[in-house]
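One structure is given here, and the rest of the page talks about it.
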Amino acid sequence: MTEFGINTPPETGAFLPRDRNWHPPAFTPTYKTSVVRAPQKALISFDNSLSEVTGPRFGHNLIGPNDNDLIINFARPGEMAIGQRIIVHGRVLDERGRPVPGVLVEYWQANAGGRYRHKKEGYQAALDPNFGGCGRSITAEDGSYWFRTVKPGAYPWPNGVNDWRPAHIHFSVFGSGFAQRLITQMYFEGDPMLKLCPIVNTIADPAAIEALVAPLDMSNTVPMDARAYKFDIILRGRRSTPFENRREGN
Amino acid sequence: MPQPLNLLKETPSQTAGPYVHIGLTPNFCDITGVYPEDLGTVMVGEATKGERITVTGRIFDGTGTPLRDGLIEIWQADASGRYPGPTDPRGGADPHFTGWGRCPADGETGVYRFETIKPGRVPWPDGRMQAPHISFWIVARGINLGLNTRLYFPEESAANAEDPLLKRLEHQARVPTLVGKREGQTITFDIHLQGPQETIFFDI
Ligand SMILES: [Fe+2]
């Protein structure tokens with residue numbers, strides 16, 4: 001990925017404003033739960049202070065050896081989760097294309113049958129005794145992360161009478177600043193359920209939806225073992241103006 | 001066509017959904033043995049400097065019902081107004097304070113709770129001091145993009161009155177939605193997603 005030379009921002013710069021036409025809006029009536037949970041007043045915008053450009057840091061020593069292997073990290077010794085074995089990999093970059101190293105990426109998902117291990121989950125698909133459904137990584141110097149899992153199943157949910165979520169993996173990503181905090185979902189290339197999903201369709205721009213769809217990546221597929229999907233995550237970039245030199249009229 | 005700027009687009013947000021606990025606080029939802037503990041549950045230790053406080057409250061939807069599936073993360077300065085870790089360019093923060101907490105709403109009552117210390121004052125970009133505050137980030141089923149707000153302290157009325165952010169809000173009548181209620185060492189901060197008491201949310 002290109003480095004932008006003279007425009008390379010210092011790490012203390014304020015973040016570029018969020019494009020809120022690209023993200024889903026708060027109020028999306030076809031995703032019914034949003035109706036009573038969407039703030040109705042305008043968000044108040046202000047330029048970042050230290051409170052927004054700083055953020056928590058997690059060391060590599062946080063991560064246990066099986067944290068990024070959902071096939072075995074909840075399984076009984078010698079056993080494995082059931083399902084299509086896949087590797088999900090990608091890089092965390094900022095909007096300027098710079099790798100974001102050393103940040104925590106957490107992921108969670110339903111099992112191969114579309115069932116979550118959660119007491120509020122009511123779907124009749126079977127629990128897999130060897131599948132917990134969570135994992136985590138810290139990005140490497142080049143912003144990369146990867147994990148091994150089983151491909152999650154689609155599942156029905158109470159919204160419309162016959163709404164189904166496409167297969168997806170939830171992601172939570174930290175950046176270097178608290179204002180970069182992001183939760184999203186990764187989908188799989190070619191899934192016919194995608195265009196039917198009220199949650200996917202909270203996003204208006206088809207190009208933004210495509211940014212959540214991981215392509216099958218045969219170049220990283222392990223023969224006779226696991227297919228690979230690639231999912232890059234882009235966090236907000238920082239302005240190139242140094243934070244210390246900014247003036248603000250008020 | 002002019003040259004492209006070559007900026008990438010931020011990955012669009014999607015709701016954290018009802019099972020956010022599986023990913024972020026697995027021990028809380030009985031997925032044990034994967035991580036030794038849930039992240040963000042302990043912010044302070046015996047050696048942490050500063051005044052111990054408990055920050056607690058609930059998140060209410062537009063019908064007045066508390067959210068029982070939400071999750072809150074907070075980020076705050078140490079007692080001297082410095083942010084822990086390498087991302088504060090000033091350095092020198094209390095090494096015994098994490099600054100960051102994560103807490104799921106209670107599955108029955110919706111109550112969240114952080115045991116922390118009262119933060120010091122942090123400068124605004126132009127050098128004026130902000131009033132002590134804690135940054136909040138709220139995610140839940142039905143919230144499509146995490147919500148940002150701040151908690152301020154009721155005993156800091158002088159600092160709050162000169163806070164560069166609070167001072168410039170057009171609708172001053174809404175400022176109290178950002179100020180907790182204090183009783184002893186406990187600050188209660190309820191968050192209202194909608195309605196006449198709707199909390200101020202920020203686009204940061
Ligand atoms: Fe899900």
Side-chain angles (χ1 to χ4, degrees), chain A residues 2 12 22-24 26 28 33-34 36-37 39-41 43-52 54-57 73-74 93 95-97 106-108 116-118 120 132-134 170 172 176-179 181-185 199 202-203 208 211-212 233-236 243 246-248 250, chain B residues 6-24 26 29-31 33-35 61-63 73 75 83 85-89 98-100 122-126 130 133 135 137 139-147 164-165 168-169 193-194 198 200-204:
Chain A
T2 315
T12 52
W22 178 255
H23 286 285
T28 48
T33 312
S34 75
V36 292
R37 296 184 173 195
Q40 294 171 327
K41 296 185 168 63
L43 302 180
I44 306 289
S45 299
F46 67 94
D47 210 1
N48 292 164
S49 75
L50 276 168
S51 305
E52 290 74 40
T54 57
R57 222 41 187 177
N73 71 11
F74 188 77
L93 306 169
E95 289 169 294
R96 292 174 182 274
E106 295 160 290
Y107 23 86
W108 68 99
Y116 282 98
R117 183 173 288 280
H118 195 285
K120 289 193 176 169
C134 60
H170 296 264
S172 159
S176 50
F178 201 55
R181 198 75 183 80
L182 182 71
I183 276 185
T184 190
Q185 301 181 28
I199 289 177
T202 59
I203 299 174
L212 297 179
I233 298 163
I234 314 299
L235 299 179
R236 294 169 69 181
F243 167 76
R246 285 191 294 127
R247 293 228 161 77
E248 178 145 319
N250 198 15
Chain B
N6 289 329
L7 283 177
L8 304 173
K9 295 295 286 182
E10 186 187 9
T11 298
S13 174
Q14 291 272 262
T15 179
Y19 310 123
V20 61
H21 314 110
I22 295 174
L24 303 193
C29 68
D30 302 324
I31 297 176
V34 182
Y35 309 147
D61 72 15
T63 72
E73 290 183 10
W75 174 239
Y83 282 97
T87 63
D88 186 334
T98 71
W100 177 77
V122 174
W124 194 243
D126 64 6
Q130 304 184 67
H133 63 272
S135 297
W137 181 73
V139 292
R141 177 172 69 97
I143 294 177
N144 289 326
L145 173 60
L147 298 170
L165 173 58
R168 76 182 201 185
L169 297 175
L193 301 178
Q194 294 180 349
E198 182 177 316
I200 292 178
F201 296 104
F202 293 110
D203 173 25
I204 60 172

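Just so you know, these numbers come straight off a predicted model, no measurement behind them. Protein chains get the first letters and strands the later ones, always in sequence-line order, with residue 1 at the start of each.
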Problem set entry | Residue B:Gln130 versus chain A: region with a heavy atom under 4.5 Å | side chain

Problem set entry | Partner chain A: residue of B:Trp75, B:Tyr83, B:Phe202 with the largest heavy-atom pair count (under 4.5 Å) | B:Trp75

Problem set entry | Per-residue contact mode, B:Val122 against chain A (heavy atom under 4.5 angstrom) | side chain

Exercise. Should A:Arg181 and A:Ser172 count as side-chain neighbours, where that means a heavy-atom distance under 4.5 Å?
Worked result: yes

For this session: Just say parallel, tilted or perpendicular for the rings of B:Tyr19 and A:Tyr116, cut-offs at 30° and 60°.
Result: tilted

Problem set entry | Partner chain B: residue of A:Gly132, A:Ala208, A:Ser51, A:Pro24 with the largest heavy-atom pair count (under 4.5 Å) | A:Ser51

For this session: Against chain A, label B:Leu145 side chain, backbone, both or neither, depending on which of its atoms sit under 4.5 Å from a heavy atom there.
Result: side chain

Exercise. Based on non-hydrogen pairs under 4.5 Å, which of B:Pro86, B:Gly17, B:Gly99, B:Ala140 is most in contact with chain A?
Worked result: B:Pro86

For this session: Kindly indicate, with the supporting measurements, whether the criterion side chain to side chain donor-acceptor pair (under 3.5 Å) is fulfilled by A:Ser34 and A:Thr28.
Result: CA-CA 6 Å; A:Ser34 75; A:Thr28 48; 3.0 Å; yes

For this session: Please look at B:Pro26 and chain A and tell me whether the side chain, the backbone, both or neither of the residue comes under 4.5 angstrom of a heavy atom of that chain.
Result: side chain

Problem set entry | Proximal component of A:Gln40, with respect to chain B [non-hydrogen, under 4.5 Å] | both

Problem set entry | Heavy-atom contact with chain A under 4.5 Å, split by part of B:Leu24 | both

For this session: Against chain A, label B:Ile204 side chain, backbone, both or neither, depending on which of its atoms sit under 4.5 Å from a heavy atom there.
Result: both

Exercise. Are side-chain heavy atoms of B:Thr15 and A:Thr33 found at a separation under 4.5 Å?
Worked result: no

Exercise. Which residue, A:Leu235, A:Ile234, A:Leu93, forms the side-chain contact (heavy atoms from CB on, under 4.5 Å) with B:Thr11?
Worked result: A:Ile234

Exercise. Heavy-atom distance under 4.5 Å to chain A: side chain of B:Phe201, backbone, both or neither?
Worked result: both

Problem set entry | Atom of B:Thr87, atom of A:Gly55 and distance for their closest heavy-atom approach | OG1-N, 2.9 Å

Seminar exercise, completed: Looking only at heavy atoms, the pair that brings A:Glu52 and B:Ser135 closest together is OE2-OG, 4.3 Å

Exercise. So do B:Ile22 and A:His170 actually touch side chain to side chain, heavy atoms under 4.5 Å?
Worked result: no

Exercise. Taking B:Asp61, B:Asn144, B:Leu147, B:Thr98 one by one, which has the highest count of heavy-atom pairs under 4.5 Å against chain A?
Worked result: B:Asn144

Problem set entry | chain B contacts, top residue of A:His118, A:Arg236, A:Gln185, A:Lys120 (heavy-atom pairs, under 4.5 Å) | A:His118

Problem set entry | A:Leu212 versus chain B, the contacting section by heavy-atom distance below 4.5 Å | side chain

Problem set entry | Contact check, side chains of B:Asp30 and A:Arg117, non-hydrogen atoms, under 4.5 Å | no

